[in-house]
Amino acid sequence: NKGHYEHYMQKEIHEQPESLTTTMRGRLIRRGSSKSKSVLLGGLKDHLKTIRRSRRIVFIGCGTSYNAALTARPILEELSGIPVTMEIASDLLDREGPIYREDTAVFVSQSGETADTLLALQYALDNGALCVGITNTVGSAIARNTHCGVHINAGAEIGVASTKAYTSQIVVMAMLALAIGGDTISNQARREAIVDGLHELPNKVREVLELDQEMKDLANLLIAEQSLLVFGRGYNYATALEGALKVKEVALMHSEGILAGEMKHGPLALVDENLPIVVIATRDVCFSKQQSVIQQLHARRGRLIVMCSEGDAASVCPSESCRVIEVPQVQDCLQPVINIVPLQLLAYHLTVLRGFNVDQPRNLAKSVTTQ
Ligand code: UD1
Ligand code: M6R
C-alpha cells in the first residue's frame, strides 16, 4: 500500500523517521549502577564475549548492504580496536579469500536471500568463523543459518532501490559498534554522545526530508546529463558510493562514487566545466581536507554541488556558481544517515523527470537469488 505516495521508493524515503524509530525500539537502554547510556541487542548478548575475542571482523554483503557496512567500519574500529575488513560477497567467493576460526563474519542483507551472500555464509561456516547476520527479513535464509544476529526491523521494503533498509542497517551497525566496544571509562563520553545522537536521529531525518523540493529543482537541472560524480571520504565514502548507486540504478544515469583522497590519482582528469560533481563536505575530522578538494575542483572549473552542514555554505563555496545542499549536523558516525537522504531524493526525482520506472528499474530484481 503506497498510501498517498505515487511510488514505493518515494514512500520508503519519506517513512525513514518512523522506520528508524522502529529499528531502535527497545534497544537504547541505561546500564549498571551509573545508569550510563548504552545499547541492548538481544540477538547478540550471548555472543559478545566471543566477538570481542575475535582477531578480525569481516563485513560481507552486496550492493547497498555492502555500502551500509562500509559506513560502520570506522566507528567499529574506533570503539572495539578490532581490525575490520570489507568483502563484497562475490569477490570473496571468486578469490576463495582466507576466513579463519578466529574471525567474526558479519553478513549484511536486507532480503536475507541474496545468492552471493548466502554462498559466502556457507563458505565462512565451513571455515569455522562465528557468523552474524544483519537482515530485515525474519525467517530468511541468512537469519536461519547464521549463529546469531540482529533484525533491522525497518518494515517491508518494496522498491527495488534500497532506501529505508540502508539507513536502518547503518543504525544497527552503529549499535553493533557500541555493543562490541563495551563500556570503558575512556570512551564513555563518546559512547553516550552516540546514544544521544541515535535518540535524536529520526527528528533530524524529518528535517532533512524538507529538502524534497530543493532536490527536485536540482534534478531538473541535471535531467539531461550523461554522468554525475560523487566525492566523499571517511564516514561518507560509503555515502558517495551509495548516492551514485541510487542514481545509476533508478535514474539510469552513469554515476560514480569516488573516494576524495584518490582524486589526484585519476578522477581529476575528468573534471571540466560540464560534468556535475557532488562533494560531501559535512563537519567531521575530514572537513578541512574536503575544503581543499573543493578548492582544487573549483580551480579546474568543476561544476560543483556541495553538501555541507547547516551554516557552512559560505565557508565551503568558492563561488556563486556552486550549488549548496545544507543538512543538519549529527554525530560524525551517524551523519551518513542524514547525508544519503538528499541523494535518495535526487535519484527519485531524476527518475520520475526522466520518465523511467522508479520502483522496478529495467533488468533488476529486488532480491538477487541467482549468481
Ligand atoms: C526479539 C524478538 C522481538 C521481541 C524482542 C523482545 C523475534 C524475531 N524478535 O527481538 O519480536 O520484541 O525479542 O525482547 O522474535 N538472528 C540470527 N541471524 C540474523 C538475525 C537474527 O541468528 O540474521 C537471531 C538472533 O540472534 C536472535 C533472534 O534471531 O536469537 C531474534 O533477533 P532479533 O529480532 O534481532 O532480537 P531482539 O531484538 O531481541
Ligand atoms: O537483499 P540484499 O541486501 O542482500 O541485497 C543486496 C543488493 O542486491 C541490493 O542492495 C541492491 O544493490 C539494491 N537494489 C540497491 O538499491
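Whatever order the structure lists them in is the order used to number ligands and atoms, beginning at 1. One is the number of the first residue; the rest follow in order along the sequence.
- Considering backbone and side-chain atoms alike, Thr146 places an N or O below 3.5 Å from some N or O of ligand 1.
- A donor-acceptor contact closer than 3.5 angstrom links the side chains of Ser38 and Arg31.
- Annotation: the span from Ser227 atom OG to Glu256 atom CD amounts to 7.5 Å, rounded to 0.5 Å.
- Taking a cutoff of 4.0 Å between a charged side-chain nitrogen and a carboxylate oxygen, Glu157 and Lys164 do not qualify as a salt bridge.
- Closest to atom 8 (O) of ligand 2, if we only count protein heavy atoms, is Val368 CG2, 3.9 Å.
- Near Ala161, meaning under 4.0 Å from any of its heavy atoms, are these atoms of ligand 2: 16 (O).
- In Glu249, the part holding a heavy atom less than 4.0 Å from any atom of ligand 2 is the side chain.
- We find the CD1-CG distance between Ile60 and Leu119 to be 12.0 Å, quoted to the nearest 0.5 Å.
- For the residue pair Gln188 and Asp183, no side-chain donor N or O sits within less than 3.5 Å of a side-chain acceptor on the partner.
- Near Ser65, meaning under 4.0 Å from one of its heavy atoms, ligand 2 places the atoms 2 (P), 3 (O), 10 (O).
- Taking distance alone, with nitrogen or oxygen atoms compared against 3.5 Å, Gly149 approaches ligand 1 more closely than that limit.
- The shortest distance between side-chain heavy atoms of Leu70 and Met86 falls below 4.5 Å.
- Checking atom 8 (C) of ligand 1 against the protein gives a heavy-atom contact under 4.0 Å.
- In this structure, Ser36 and Arg191 have side chains that are not in contact, with every pair of non-hydrogen atoms separated by 4.5 Å or more.
- The shortest distance between side-chain heavy atoms of Met263 and Ile258 does not fall below 4.5 Å.
- Taking every heavy atom of Thr135 and a limit of under 4.0 angstrom, the matching atoms of ligand 1 come to 23 (O).
- Below 3.5 Å of separation, one finds an N or O of Gly43 facing an N or O of ligand 1.
- Contact atoms of ligand 1 toward Gly42: 39 (O) (distance under 4.0 Å to a heavy atom of the residue).
- The atoms of ligand 2 that sit less than 4.0 Å from any heavy atom of Thr64 are 10 (O), 12 (O), 15 (C), 16 (O).
- Remark: Arg206 engages Glu18 in a salt bridge, criterion side-chain N to carboxylate O under 4.0 Å.
- Protein heavy atoms are found inside the 4.0 Å sphere centred on atom 26 (O) of ligand 1.
- Side-chain contact check for Asn339 and Thr282: at least one donor-acceptor pair (N or O, by modelled atom type) lies under 3.5 Å.
- Of the protein's heavy atoms, none falls inside 4.0 Å of atom 3 (C) of ligand 1.
- No side-chain donor-acceptor contact under 3.5 Å links Asp103 to the backbone of Ala105.
- Residue contact check: Ser109 has heavy atoms under 4.0 Å from atoms 1 (O), 2 (P), 3 (O), 4 (O) of ligand 2.
- Atom numbering of ligand 2 starts at 1 in the shown order; those under 4.0 Å from a heavy atom of Lys246 are 15 (C), 16 (O).
- Ligand 2 lies out of reach of Ser367, whose nearest heavy atom is not under 4.0 Å from it.
- Atom 23 (O) of ligand 1 is approached by the protein to below 4.0 angstrom, counting heavy atoms only.
- In this structure, atom 20 (C) of ligand 1 is in close contact with the protein, since a protein heavy atom lies within 4.0 Å of it.
- Side-chain contact between Leu346 and Leu228 is present, with at least one heavy-atom pair separated by less than 4.5 Å.
- Which of His151, Arg25, Arg27 comes nearest to atom 38 (O) of ligand 1 through a heavy atom is settled by distance: it is Arg27.
- Rounding to the nearest 0.5 Å places CD1 of Ile325 at 7.0 Å from CD of Glu214.
- Here the shortest heavy-atom distance to atom 17 (C) of ligand 1, taken over Gly133, Cys148, Cys131, belongs to Cys148.
- Looking from atom 6 (C) of ligand 2 to the surrounding protein, the closest heavy atom is Cys62 O, 3.4 Å.
- In this structure, a donor-acceptor pair under 3.5 Å is absent between the side chains of Ser367 and Thr369.
- Polar contact check, Thr114 against ligand 2: a nitrogen or oxygen pair lies under 3.5 Å apart.
- No cation-pi contact links Arg354 to Phe356, judged by a cut-off of 6.0 Å to the six-membered ring centre and 45° from its axis.
- Note: an N/O pair closer than 3.5 Å links Ser111 and ligand 2 by distance alone.
- In this structure, atom 14 (O) of ligand 1 has no protein heavy-atom contact shorter than 4.0 Å.
- Between Leu245 and ligand 2, a contact under 3.5 Å exists for no N or O pair.
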